Amino acid sequence: MAKSLAIRFLTEVKPRLLLKFIFGAGLGNLRALRAFEKRIKRGLPFFPPFVFISVTQRCNLRCRGCWAIGAKQPVDMERKLLQHIVSESRRQSCRFFGILGGEPLLLEWLPDFFMHNQSSYFQLFTNGHLLTRGIAAKLQASGNVSPLISIEGLEQSYADRRGTRHGFDQALNALNICQEHKLVTGVAVSVSKGNFNDVVRIDFVDEMACRGAHYLWYYIYRPSGQDPNFEDALDDAQVRTLRQFIVDERVRCKSLVIVDAYWDQYGNALCPAAMGVSHHINAHGDVEPCPPIQCSDCRVNASGDVTQTIAHSEFLRSFRERVPTLTRGCVLMDHPQYLHQLAHDYAALDSSGRDTFFNELDERAPMRCHDYQGEPIPETALAYKIAKKYWFFGFGAYG
Ligand code: SF4
């Protein structure tokens, strides 16, 4: 029988790292959420509790449907800008930061950056191919980083998405290295037609736990970027099946946490960007609603007031005000032309680096996403009901 997550944390993770995770990711997030709620209640300048930062537009892979690649002149974020964003966000009680790319581990200075920001906690979104034992040792030394390794399927379905035959083994090897170094580790999978039968199944969940994952984050594939591959997007019945699977697995599986950022405790769809709980800053410093929505009317720099820059964004404000009145789902998927119009109305510019984002929006046919049809499927596992109730609900966005 698989060990419970509590036993796994006590036996598989270094105690210092576990404490940092509990205080940095756990209590740190609670603190940021409470501060966010206070800001809303008191009508204080807007600032999201969670900030996702893409530190580079470069990647060692070329995955179909990825928004992050294809920039004409891909850039890396400067270290001083990342430092400034983290320091300024901390003034708004943020303690937890998502670090994305492209592939963040292409930046050699990143592990040292984590080491020099001990009072913050970082979730490192990585494909794992560059996560060597040397890097893992550095992450262990700083102790405030949880690698979230993308495993986009099994052998064949992984290769189809990633376009690399050996990638699956490299990703599993990264998971193994994290286990060796007693890191708090997650696996992320964006579910599509191509990998649905591989990853929406009990033995995939159990295998990821056995290989060292302490949490498993299910995303829904959002066709984006220069090679969107719309055919690989889930249909409504598959989304519904995925939702039911997640709810059932949360009752059955005790050896890891199953994460989603799509539904509240009742099974109603939510959009984190429309709720204002998270926004994204790209490698140039452009502030976007979320990673795949690549347009922006404001840019942060290494000496400016990050809080005021974000609070004064008319595009982000209108996005939070208007989108919830239109959809509970993903406006990129179900109302792309409306999104283009909204960007136009608030002078948001293309921040993709491809100069094609608005054309891509115009060419997209509206598709359903996580706002599945039919009766909402509520959480049944008590711990997740409570977690969703207090930490992932509408924050008033949907009335
Ligand atoms: S717009 Fe879509 S991709 Fe962006 S946060 Fe909302 S649901 Fe997620």
Side-chain angles (χ1 to χ4, degrees), residues 36 46 48-54 63 65-68 97-98 100 123 125 148 150 188-192 217-225 228-230 232-234 236 239 242-243 246 259-264 267-282 286-297 310 313 315-343 346 348 350-352 357-358 360-361 364-373 376 388 391-398:
F36 173 64
F46 170 85
F50 305 127
V51 179
F52 291 91
I53 308 160
S54 284
C63 304
C66 180
W67 64 76
F97 299 89
L100 304 85
Q123 187 170 43
F125 291 70
L148 178 57
S150 304
V189 54
S190 66
V191 185
S192 66
W217 193 326
Y218 276 106
Y219 288 93
I220 293 175
Y221 176 68
R222 269 164 182 64
S224 303
N229 191 19
F230 292 110
D232 205 21
L234 297 181
D236 194 66
V239 172
L242 172 63
R243 170 61 187 166
I246 288 174
V259 183
D260 79 77
Y262 297 131
W263 301 289
D264 66 13
N268 299 315
L270 299 166
C271 162
M275 294 192 298
V277 291
S278 63
H279 282 331
H280 175 246
I281 302 177
N282 74 10
D286 301 314
V287 188
E288 303 161 334
C290 61
I293 296 188
Q294 298 176 295
C295 52
S296 173
D297 69 341
I310 293 179
S313 162
F315 173 59
L316 292 174
R317 181 190 56 71
S318 63
F319 186 96
R320 293 188 302 271
E321 282 176 6
R322 301 236 191 134
V323 170
T325 65
L326 187 71
T327 176
R328 293 190 69 106
C330 177
V331 68
L332 173 68
M333 298 286 280
D334 55 25
H335 292 84
Q337 285 77 40
Y338 174 87
L339 179 58
H340 186 177
Q341 186 60 48
L342 189 70
Y346 291 91
D350 183 335
S351 51
S352 68
F357 179 66
F358 293 126
E360 291 160 13
L361 285 183
R364 296 178 73 105
M367 314 166 75
R368 291 195 74 93
C369 192
H370 61 283
D371 189 15
Y372 52 85
Q373 299 198 35
K388 291 274 183 176
W391 301 315
F392 195 75
F393 56 97
F395 295 95
Y398 298 98

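If you read the sequence from its start, that first residue is 1, and numbering goes on from there. Only this structure's heavy atoms are used, side chains among them; waters, hydrogens and symmetry mates stay out. These figures come from a predicted structure and were not determined experimentally. For ligands, and for the atoms within them, numbers begin at 1 and follow the listed sequence.
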- Task: Decide whether a cation-pi geometry holds between Arg320 and Phe46; the criteria are a distance under 6.0 Å from NZ or CZ to the six-membered ring centre and an angle within 45° of the ring axis.
- Result: yes
- Heteroatom test (N, O or S) for Cys330 near atom 4 (Fe) of ligand 1, limit 2.8 Å: no
- Item | Shortest protein heavy-atom distance from atom 6 (Fe) of ligand 1, along with the residue and atom involved | Cys271 SG, 2.3 Å
- Under 4.0 Å from one or more heavy atoms of Ala273, ligand 1 contributes atoms 5 (S)
- Query: Taking heavy atoms and a distance under 4.0 Å, where does Pro292 meet ligand 1: side chain, backbone, both or neither?
  - Reply: side chain
- Check His370 against ligand 1 and report side chain, backbone, both or neither, counting heavy atoms closer than 4.0 Å. side chain
- Query: Do the ring planes of Tyr219 and Trp217 sit parallel (below 30°), tilted (30 to 60°) or perpendicular (above 60°)?
  - Reply: parallel
- Message: I need the nearest protein heavy-atom contact for atom 3 (S) of ligand 1: residue, atom name and distance, please.
- Response: Arg222 NE, 3.1 Å
- Where the side chain of Gln337 meets the backbone of Leu361, is there a donor-acceptor pair that is under 3.5 Å apart? yes
- Measure Ile293 to ligand 1 on non-hydrogen atoms and call it side chain, backbone, both or neither using the 4.0 Å cut-off. side chain
- Item | His340/Phe358 aromatic ring centres below 6.0 Å | yes
- Task: Taking the side chain as every heavy atom from C-beta outward, state whether Asn268 and Asp371 have any atom pair closer than 4.5 Å.
- Result: no
- Query: Donor-acceptor pair, His370 side chain versus Arg243 backbone, under 3.5 Å?
  - Reply: no
- Please write down residue, atom name and distance for the protein heavy atom closest to atom 4 (Fe) of ligand 1. Cys290 SG, 2.3 Å
